[in-house]
Amino acid sequence: MKIAIVGLGLIGGSLGLALKKAGQPELGIIGIPRREETIGLALKMGAIDEGTTDLSKGVAAADLVFVCTPINLIVPIITEIAPKLKKGAIVTDVGSSKYEIVSQAEKLLPKGTFFVGGHPMAGKESVKLEAAEAELFKGKAWILTETSRTSKKAVEQIEQVVRRLGGLVVRIEPKTHDLAVAAISHMPLAVAASLVNAVAGEPEKDLMAKCAASGFRDATRIASGDPILGVDMFLSNKKAVQKMIGAFKRSLANLEKLIKEGNGEKIRDELARAKSFRDSIYG
Ligand code: NAP
């Protein structure tokens with residue numbers, strides 16, 4: 001098998017390092033970033049065997065193509081590579097939202113080639129190739145999406161590769177995936193950023209900042225991430241994020257109502273319900 005990785009940032013670079021560590025694939029990895037400098041660095045790090053910035057040339061001989069670029073480029077890149085793929089080639093991606101990408105990619109790929117949406121549930125604060133590591137996917141869920149048009153054989157082939165990297169494959173429908181990530185990945189950013197901005201909008205914000213301790217820091221940590229990544233998250237998963245914002249507003253409005261009523265018993269029930277579910281996840 002020959003593997004092409006389009007986009008060599010944190011995820012694409014880590015994928016290359018993890019594949020090499022697992023002794024994969026027999027015919028080597030071709031890396032396809034945007035800039036020549038990235039090829040040099042990826043070769044030096046041992047994340048790829050060869051590189052090119054020519055997309056069409058790069059994917060022509062690949063049996064499996066991972067598209068690991070920023071999310072807004074995934075569909076344009078699939079559009080560009082579609083006519084250049086060899087027969088039987090499988091294309092997958094790592095974008096953090098799935099419905100739009102999967103529905104468009106399934107229409108774009110020619111007969112005899114296959115698309116399976118993917119999303120490794122792994123990452124870290126520092127992005128870019130310099131932060132890539134071979135162990136990034138170990139023990140982490142790697143979602144593969146299935147629709148009525150998905151080839152079972154293609155999913156199985158990607159699953160085998162992901163397993164060799166130590167990833168745990170979870171197969172779900174794109175819409176189910178998007179609601180889940182809206183809830184557990186995109187909403188925390190929406191809530192953290194809104195909380196910080198609410199405080200920053202208060203006349204006493206300087207005093208508040210002086211008093212801020214670990215509670216505020218822990219609850220808002222992800223508001224310090226890259227704003228561009230946040231824009232991509234929200235806009236590529238609009239419907240599911242809006243649905244979860246609605247659920248969050250109802251939950252907050254209920255708490256507001258109980259506080260207004262001075263209903264200590266019900267407030268305690270709400271907090272106990274939250275504690276119980278959170279503890280069931282993190283212990
Ligand atoms: P990143 O570190 O910013 O890297 C993006 C890479 O894409 C760079 O290597 C860049 O190349 C390349 N690129 C940009 N435009 C390109 C083009 N037109 N053709 C080819 N390559 C191009 O991004 P990342 O954090 O790895 O994220 C990549 C994808 O993974 C996103 O879709 C994101 O949703 C998904 N994801 C990210 C995380 C996370 O925690 N970061 C987790 C799960 C999934 P140059 O270096 O040459 O500029």
Side-chain angles (χ1 to χ4, degrees), residues 1-7 11-32 47-49 58-69 71 74-75 77-78 81-123 134-181:
M1 188 188 265
K2 188 174 183 77
I3 291 182
I5 305 177
V6 185
I11 300 296
S14 298
L15 177 61
L17 289 172
L19 284 165
K20 299 283 282 176
K21 197 171 175 203
Q24 294 287 314
E26 315 85 66
L27 297 180
I29 302 171
I30 182 161
I32 316 167
I48 56 173
D49 297 299
V59 299
D63 302 288
L64 176 56
V65 180
F66 284 89
V67 183
C68 305
T69 60
I71 199 156
I74 293 175
V75 171
I77 281 172
I78 293 173
I81 64 174
K84 311 291 176 189
L85 295 167
K86 75 178 203 188
K87 207 166 165 54
I90 299 170
V91 179
T92 185
D93 75 307
V94 296
S96 62
S97 58
K98 293 272 61 84
Y99 182 72
E100 279 304 317
I101 292 173
V102 174
S103 27
Q104 298 208 42
E106 282 181 343
K107 285 185 215 141
L108 287 166
L109 286 203
K111 218 169 164 236
T113 61
F114 308 95
F115 182 79
V116 180
H119 180 199
M121 302 301 292
E135 305 291 317
L136 191 72
F137 310 111
K138 210 167 195 170
K140 308 277 170 50
W142 189 307
I143 288 163
L144 293 179
T145 62
E146 284 185 307
T147 72
S148 56
R149 296 172 74 165
T150 308
S151 149
K152 291 250 172 302
K153 213 171 139 200
V155 183
E156 271 155 27
Q157 268 183 275
I158 301 172
E159 181 159 351
Q160 272 179 25
V161 173
V162 170
R163 278 221 212 99
R164 281 192 208 115
L165 312 181
L168 313 169
V169 170
V170 179
R171 298 187 190 191
I172 46 177
E173 285 181 354
K175 273 193 179 161
T176 313
H177 163 276
D178 286 1
L179 190 62
V181 295

Return the minimal non-hydrogen interatomic distance between [X] and [Y], and the atom names on each side.
{"X": "A154", "Y": "V116", "answer": "CB-CG2, 3.9 Å"}
{"X": "G13", "Y": "A47", "answer": "O-CB, 3.8 Å"}
{"X": "V94", "Y": "C68", "answer": "CG2-CA, 3.6 Å"}

Less than 4.5 Å apart, side chain to side chain, heavy atoms only: is that true for [X] and [Y]?
{"X": "S96", "Y": "V181", "answer": "no"}
{"X": "T150", "Y": "L144", "answer": "no"}
{"X": "I11", "Y": "L136", "answer": "yes"}
{"X": "T69", "Y": "I74", "answer": "yes"}
{"X": "I78", "Y": "Q104", "answer": "no"}

Whether over 12 other heavy atoms sit under 6.0 Å from [X] [atom1]:
{"X": "E106", "atom1": "CD", "value": "yes"}
{"X": "K84", "atom1": "NZ", "value": "no"}
{"X": "K175", "atom1": "NZ", "value": "no"}

Please report the interatomic distance [atom1]([X]) to [atom2]([Y]), rounded to the nearest 0.5 Å.
{"X": "I29", "Y": "I48", "atom1": "CD1", "atom2": "CD1", "result": "8.5 Å"}
{"X": "L19", "Y": "I5", "atom1": "CG", "atom2": "CD1", "result": "5.5 Å"}
{"X": "R149", "Y": "S103", "atom1": "CZ", "atom2": "OG", "result": "9.5 Å"}

Start with the C-alpha gap between I101 and T145, add the side-chain angles, then the distance that decides, and say whether side-chain contact (heavy atoms from CB on, under 4.5 Å) holds. CA-CA 11 Å; I101 292 173; T145 62; over 6 Å; no
Sort and list the pairs that fulfil side chain to side chain donor-acceptor pair (under 3.5 Å) and have at least one residue in residues 111-121, not counting sequence neighbours. H119-H177
Applied to residues 142-174, the ring-ring contact (aromatic ring centres under 6.0 Å, His included) test, sequence neighbours excluded, yields F137-W142
Residues pairing under ring-ring contact (aromatic ring centres under 6.0 Å, His included) where one sits in residues 95-117, two or more places apart or in two chains, turn out to be none
Main-chain N/O of K98 paired to D178 side chain as donor or acceptor, under 3.5 Å: yes
Among all residues two or more places apart in sequence or in another chain, which pass the side-chain contact (heavy atoms from CB on, under 4.5 Å) test with K86? D63, A89
Partner set under side-chain contact (heavy atoms from CB on, under 4.5 Å) for L64, not counting sequence neighbours: M1, I3, F66, I90, T92, I158, V161
Can you list, pair by pair, the side-chain donor-acceptor contacts under 3.5 Å of residues 164-172, counting residues two or more places apart and other chains?
residue	atom	partner	partner atom	Å
R164	NH1	Q24	OE1	3.1
R171	NE	E159	OE1	3.0
R171	NH1	E146	OE2	3.1
R171	NH2	E159	OE1	2.7

